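Before any comments, here is the structure.
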Number of protein chains: 2
Amino acid sequence: MSRKSISFGGLSSLVGFHLRWASGEFALDFRTSLEGTGMRQVLVGILAIVQANPGINQGGVGKALGIKRANMVSLINELVQRGAIGRTETPQDRRAFALKLTEEGEALLADCLARIAEHEQRLLWRLTALEQQLLVDLLSRIGPRPA
Amino acid sequence: MSRKSISFGGLSSLVGFHLRWASGEFALDFRTSLEGTGMRQVLVGILAIVQANPGINQGGVGKALGIKRANMVSLINELVQRGAIGRTETPQDRRAFALKLTEEGEALLADCLARIAEHEQRLLWRLTALEQQLLVDLLSRIGPRPA
DNA sequence: TATTGTTATACTCTATAACTATA
DNA sequence: TATAGTTATAGAGTATAACAATA
C-alpha cells in the first residue's frame, strides 16, 4: 500500500523512456507466449529471415538482425541441432553455408507466429488497427540522419 | 556489396519487431551521447526518479523502474560513491534510507538530460513534434488488459 | 509474518580479439 | 587483403535464494 503514486519526473516526456518500457513489456509477454516451445525472440527472428531469404548465410542473417558473427554461431547451431534449419555447403563459396528451413522449421515458425499474433493483440488491445499501423509507421521512421 | 537487399518476411508486420529495433537504436545512440559521463540508461532513470521523489527509498525506485531489489544495491552504491545521491537514515523506518540528489547529482542529471534531448532529436528528426507526441501517446497505451 | 537492504550466484546477451580456411 | 565461420572470453543485465535488522 503506497500512500501516493510516484512521479517519473523528466522521464515521462522522453520518447526513449516509453520506448524502452514498451519494448520491455513486449519482451516479457513474448517469453510467456512462447513458453514450452523453447524459442526466444532472436531465434524466431532468425527463422523468419531464413524463410524469407532461402540460401542466405549466417553473416547475412546476423547483419539483418544486428547480431555479431561470433554470437551467431551458437544460435544457428541451436536451430540446426533442433532440426529447424538445414545447413548445406555451397560450391560457389566453400567458406559459407546456405541456410534454409526444414519442414519442421516451417511448422515451428508457423506455430510461433500464431502465438505471436495473439501476444501482439494482447498488448495492443487499446489501439485500433489503424493506430497499430500508425505506430509501425512512426517506429520505422526512427533513426539517425544518414551521413 | 550485396547483390540484392534481404527481406524481413513475416517480421515486418510485427509491432514487436519494430519496437525492439527502435529501442535498440535508441539504446545505442544513448550510449554514445553520454560517453565520457560514465552514465547509463538505468542510472539516469534512477537520478530522475529520485529527483522527482525526494526521500524515496531504494525499493521504491526499483519498483518504479522495474529493477529487482538485489540489483538496486550496486546501482545505488555507484551513484552514492560518485557523490550524485545522498543516503540518510530516517527515524520512521530504520531499515530504509531516504534518497535525494546532491548538488552534484542535480548538475549531473541536468547535463545528461541536455545530452539526451539532443540524442532524441537526432533519432526523431524524421518525425514532426506532433508525431513525436503521438508516438509517446501510442506507446503509453501499450500493455495487457488489467485482470 | 512481512519488508528493506544485502550477499552470493547463475544465466543470458552482447562485445572484442584472435584463429582457420577460403576468396 | 578481405571475408565466413569459429573459439574464447569479458562485461552488462537480469533472475533467484537466503540472511540480518527492523516493522
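This structure is a prediction, so every number in the text was calculated from the model and none was measured. Residue numbers begin at 1 in each chain, while the letters A, B, ... track the order of the sequences. Hydrogens, waters and symmetry mates are skipped; everything else that's a heavy atom, side chains included, is used.
- Looking at which nucleotide of DNA chain D each of A:F97 and A:R20 is closest to, the 5′-most match is held by A:F97.
- Between A:Q133 atom CD and B:S13 atom OG the span is 10.5 Å, to the nearest 0.5 Å.
- Atom pair A:N57:CG and D:dT3:C1' shows a separation of 10 Å (rounding to whole Å applied).
- Atoms CE (B:M72) and P (D:dA15) sit 14 Å apart, rounded to a whole Å.
- Checking A:L28 against A:N77, the closest nucleotide of DNA chain D that is more toward the 5' end is the one next to A:N77.
- Remark: A:Q132 CD to A:Q121 CD distance equals 4.5 Å, nearest 0.5 Å.
- Between B:L135 atom CG and B:L127 atom CG the span is 6.5 Å, to the nearest 0.5 Å.
- Taken from CD1 in A:I142 to CD in B:E120, the straight-line distance is 9.0 Å, to the nearest 0.5 Å.
- With a 4.5 Å cut-off on side-chain heavy atoms, B:I85 and B:I46 count as touching.
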In sequence, state the C-alpha distance, the side-chain angles, and the governing distance for A:N57 and A:T90, and then conclude on side-chain contact (heavy atoms from CB on, under 4.5 Å).
CA-CA 10 Å; A:N57 61 24; A:T90 114; over 6 Å; no

Strictly under 3.5 Å: I want the nitrogen or oxygen pairs between protein and nucleotides 16-22 of chain C, one per line.
residue : atom : partner : partner atom : Å
C:dT22  : O2   : A:R95   : NH1          : 3.3

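- One can place CD1 of A:I46 at 13 Å from C1' of C:dC13, the figure rounded to the nearest angstrom.
- In this entry the distance linking CD1 of B:I76 with P of C:dT6 reads 9 Å, nearest Å.
- Dashed line: the shortest gap from a side-chain N or O of B:Q41 to OP1 or OP2 of D:dA12 is not under 4.0 Å.
- Nucleotide D:dA4 holds its C1' atom 16 Å from the CD1 atom of A:I67, rounded to whole Å.
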Would you mind writing out the side-chain donor-acceptor pairs for residues 65-75 of chain B within the sub-3.5 Å range, not counting sequence neighbours?
none

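- Distance, A:R40 CZ to D:dT14 P: 17 Å, rounded to whole Å.
- At the phosphate of C:dA23, neither OP1 nor OP2 sits under 4.0 Å from any side-chain N or O atom of A:Q92.
- Rounded to an integer number of Å, the gap from CE of A:M39 to P of C:dT12 is 15 Å.
- A straight line from CD1 of A:I56 to P of D:dA4 spans 11 Å, rounded to a whole angstrom.
- Considering only side-chain N and O atoms, B:R87 lies nowhere under 4.0 angstrom from the phosphate OP1 or OP2 of C:dG5.
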